Number of protein chains: 2
Amino acid sequence: MTRVLVVDDEPQIVRALQINLKARRYEVQVAGSGTAALKVAAQHPPDLVILDLGLPDFDGVEVIRGLRGWTEAPILVLSGRTDATDKVEALDAGADDYVTKPFGIDELLARMRAVLRRSNLAQDAPVVIVGGAQVDLSAKRVTLDGGEDIRLTPTEWHLLEVLVRHPGKLMSQRQLLTEVWGPGYESASGNLRFYMGQLRRKLEADPARPAHLLTEPGMGYRFEP
Amino acid sequence: MTRVLVVDDEPQIVRALQINLKARRYEVQVAGSGTAALKVAAQHPPDLVILDLGLPDFDGVEVIRGLRGWTEAPILVLSGRTDATDKVEALDAGADDYVTKPFGIDELLARMRAVLRRSNLAQDAPVVIVGGAQVDLSAKRVTLDGGEDIRLTPTEWHLLEVLVRHPGKLMSQRQLLTEVWGPGYESASGNLRFYMGQLRRKLEADPARPAHLLTEPGMGYRFEP
DNA sequence: CGTCCGCATGAGAGAGCTGTTAGAGGTCTG
DNA sequence: CAGACCTCTAACAGCTCTCTCATGCGGACG
């Protein structure tokens with residue numbers, strides 16, 4: 001089911017959209033502010049975003065940039081402003097379409113279908129979130145929230161892959177060492193400590209207090225999604 | 001250079017678009033009827049179509065269907081009709097955007113950028129930008145910004161194709177070697193280094209600091225669009 | 001309270017990988 | 001048949017990665 005995130009602070013518009021979208025078998029999420037929108041989108045990545053530019057907390061264009069930092073889901077902007085400058089700014093920030101209020105629901109649905117059709121042509125990649133970083137296993141790429149790319153060495157990738165493939169599970173040092181370095185390296189725990197530190201330094205927001213790459217003293221390490 | 005096909009029968013609109021698009025470094029083709037549009041598009045496939053629905057010979061929606069039969073280039077519809085039915089019909093036929101006349105040129109250009117950005121993500125465009133060069137995979141042709149053509153040897157093409165067909169993805173040396181040289185050449189990494197250098201020398205603006213043909217030490221190479 | 005153990009962090013040496021150049025040999029073309 | 005072009009190899013300087021060692025920190029335990 002296609003998941004649509006509706007970002008708007010006007011209750012009647014939200015309700016009208018909710019009713020219409022649910023009747024068309026869309027899964028609907030709602031956020032009343034830019035902050036809430038980014039939060040909800042991070043927790044349950046939407047397939048499409050309908051975004052009102054007139055938000056109470058901060059500028060809609062900032063929301064677009066915040067979303068575009070890590071997702072390529074189409075963004076359809078709603079706005080009362082007909083000024084060309086607003087449209088250009090929103091579209092260049094990463095929006096896919098711009099509809100001025102008042103709008104017909106049929107037109108909006110058609111525009112939704114158009115941008116969804118286009119975005120479905122691109123295939124999606126499995127991405128794991130580790131703190132402030134998105135880890136794309138298939139492309140072997142780590143992107144920070146700011147859009148900046150981080151480079152991992154082969155050993156770092158190997159270790160991270162083993163951890164991520166067993167989310168939430170405790171991995172003993174012996175397991176990790178034999179998986180990454182092969183049999184015969186069970187005693188190179190200093191090595192493991194070093195590379196775990198490297199990963200935390202590169203991926204964790206606060207390397208001294210890891211939130212995802214956890215140590216279980218005396219036991220091993222655990223990746224917490 | 002991005003090739004835009006303008007389909008309209010009103011001379012003043014065509015002229016205004018031509019001037020504005022050429023000033024923005026688009027390559028502009030013009031067709032005054034639906035028949036001419038399909039013919040021109042077949043001869044020189046455009047990267048984007050701007051289509052007026054009010055054509056003399058046959059319905060604009062038919063032109064959309066005719067194009068969609070064989071190309072996925074974005075279609076931006078211009079129309080004087082504001083009726084929601086027309087919009088829905090055109091969008092569902094395969095158009096990517098619908099702009100009603102009169103329109104601002106800045107808004108139109110922004111919408112063009114938006115749909116082009118989206119279609120480039122899908123990698124359906126056979127033309128890829130690498131630094132100061134345009135790579136046309138279907139025509140096996142590389143053109144510099146100045147219009148000057150660059151010659152690539154067969155091996156260089158083969159390697160470039162493999163890289164460009166997996167944009168953003170990391171390609172290991174083994175992958176590249178077996179793709180380009182065939183199985184059994186996994187140890188010819190010196191070869192790969194040589195040809196990667198050739199490509200950078202020919203395509204990158206600053207071969208010593210590549211912006212698109214990137215090296216990930218120990219991992220492989222990555223084409224960054 | 002002192003000691004011990006496991007873990008995190010930093011600096012540094014060595015190995016391995018990469019970019020670049022020059023040149024030999026093979027193939028195509030006129 | 002000669003020249004041009006392409007492919008591939010070898011060599012070396014510079015850089016990156018891997019691994020080790022040393023130090024500091026914090027909790028567990030006697």
Side-chain angles (χ1 to χ4, degrees), chain A residues 140 142 149-163 170-174 176-182 184-223, chain B residues 131 140 142 149-163 170-182 184-223:
Chain A
K140 291 263 194 298
V142 177
D149 276 14
I150 298 277
R151 284 198 26 237
L152 297 185
T153 71
T155 312
E156 286 161 8
W157 267 111
H158 206 335
L159 179 57
L160 181 62
E161 270 185 344
V162 173
L163 286 167
L170 173 73
M171 303 292 291
S172 73
Q173 301 209 0
R174 177 182 296 282
L176 291 171
L177 284 165
T178 54
E179 274 269 9
V180 176
W181 280 270
Y185 281 77
E186 288 84 1
S187 57
S189 64
N191 234 327
L192 183 55
R193 283 204 294 277
F194 172 80
Y195 279 102
M196 196 61 64
Q198 290 284 85
L199 282 181
R200 289 207 257 245
R201 206 161 58 74
K202 292 187 178 181
L203 300 181
E204 291 278 4
D206 182 0
R209 291 187 184 174
H212 299 86
L213 304 171
L214 310 178
T215 302
E216 305 270 331
M219 306 292 290
Y221 294 90
R222 179 199 308 277
F223 167 66
Chain B
K140 290 247 191 298
V142 177
D149 275 15
I150 298 216
R151 270 170 42 79
L152 295 184
T153 72
T155 310
E156 286 163 7
W157 260 113
H158 207 335
L159 179 57
L160 182 62
E161 264 189 339
V162 174
L163 285 166
L170 184 116
M171 303 293 290
S172 73
Q173 302 209 0
R174 180 184 294 289
Q175 272 178 299
L176 292 170
L177 285 165
T178 55
E179 275 267 7
V180 176
W181 280 270
Y185 281 76
E186 287 85 1
S187 57
S189 66
N191 234 325
L192 184 55
R193 289 205 300 277
F194 173 79
Y195 279 102
M196 195 61 63
Q198 291 285 84
L199 284 181
R200 288 207 255 245
R201 209 159 57 74
K202 293 186 177 181
L203 300 180
E204 289 279 4
D206 182 359
R209 287 187 185 176
H212 299 86
L213 304 171
L214 309 179
T215 302
E216 307 259 329
M219 305 286 296
Y221 295 89
R222 185 197 304 279
F223 167 65

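First the proteins, then the strands, lettered A, B, ... as listed; each starts at 1. Computed from a predicted structure; not experimentally measured.
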> Taking it one step at a time, do A:M196 and A:L163 satisfy side-chain contact (heavy atoms from CB on, under 4.5 Å)?
Replying inline: CA-CA 10 Å; A:M196 196 61 64; A:L163 286 167; 3.9 Å; yes
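- Between A:L152 and B:Y185, the residue whose closest nucleotide on DNA chain D is further toward the 5' end is B:Y185.
- One can place CZ of B:R200 at 11 Å from P of C:dT18, the figure rounded to the nearest angstrom.
- Between A:Y195 and A:T153, the shortest heavy-atom contact is CE2-OG1, 4.3 Å.
- When the C1' atom of C:dG25 is taken as reference, atom CZ of B:F194 falls 14 Å away, rounded to whole Å.
- Residue A:W181 places at least one side-chain N or O closer than 4.0 Å to OP1 or OP2 of D:dC19.
- Atom pair B:R209:CZ and C:dT18:C1' shows a separation of 17 Å (rounding to whole Å applied).
- Checking D:dT18, C:dT9, D:dC6 against every side-chain atom of A:P154, the shortest atom distance belongs to D:dT18.
- For the pair B:P217 and A:P154, the tightest heavy-atom approach, listed with the atom from each and the gap, is O-CD, 3.9 Å.
- Using a 4.0 Å heavy-atom cutoff across all strands shown, A:R201 reaches no nucleic acid atom at all.
- If you measure from atom CD of A:E156 to atom P of D:dC17, you get 8 Å, rounded to the nearest angstrom.
- The side chain of B:R151 approaches D:dC6 more closely than any other nucleotide in the set C:dT21, D:dC6, C:dT18.
- For D:dC17, the OP1/OP2 oxygens have no side-chain nitrogen or oxygen of A:T155 closer than 4.0 Å.
- The phosphate of D:dC5 (OP1 or OP2) has no side-chain N or O of B:T153 nearer than 4.0 angstrom.
- Which of C:dT18, D:dC19, C:dC7 sits closest to the side chain of B:Y221 comes down to C:dT18.
- Between D:dT7, D:dT18, D:dC17, one nucleotide has an atom nearer to the side chain of B:P217 than all others, and that is D:dC17.
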Would you list the atom pairs, donor with acceptor, under 3.5 Å between side chains in residues 206-213 of chain B and any protein atom, with sequence neighbours excluded?
{"residue": "B:D206", "atom": "OD1", "partner": "B:A208", "partner atom": "N", "Å": "3.2"}
{"residue": "B:H212", "atom": "ND1", "partner": "B:G131", "partner atom": "N", "Å": "3.2"}

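- When the P atom of D:dC6 is taken as reference, atom CG of B:L199 falls 13 Å away, rounded to whole Å.
- Residues that satisfy the ring-ring contact (aromatic ring centres under 6.0 Å, His included) test with A:Y221, not counting sequence neighbours, are absent from this structure.
- When rounded to the nearest whole Å, the span between CG of B:N191 and C1' of C:dG26 equals 14 Å.
- In this entry the distance linking CG of B:L192 with C1' of D:dC8 reads 13 Å, nearest Å.
- Spacing between atom CG of B:L176 and atom P of C:dT18 amounts to 12 Å, rounded to whole angstrom units.
- Among the atoms of the strands shown, none is found under 4.0 Å from any heavy atom of A:G190.
- Among the protein residues, B:Q173 comes within range of the sugar-phosphate backbone only, with heavy atoms under 4.0 Å from sugar or phosphate atoms but none that close to a base.
- Proximity of B:T215 to the phosphate of C:dG19: a side-chain N or O atom is located under 4.0 Å from OP1 or OP2.
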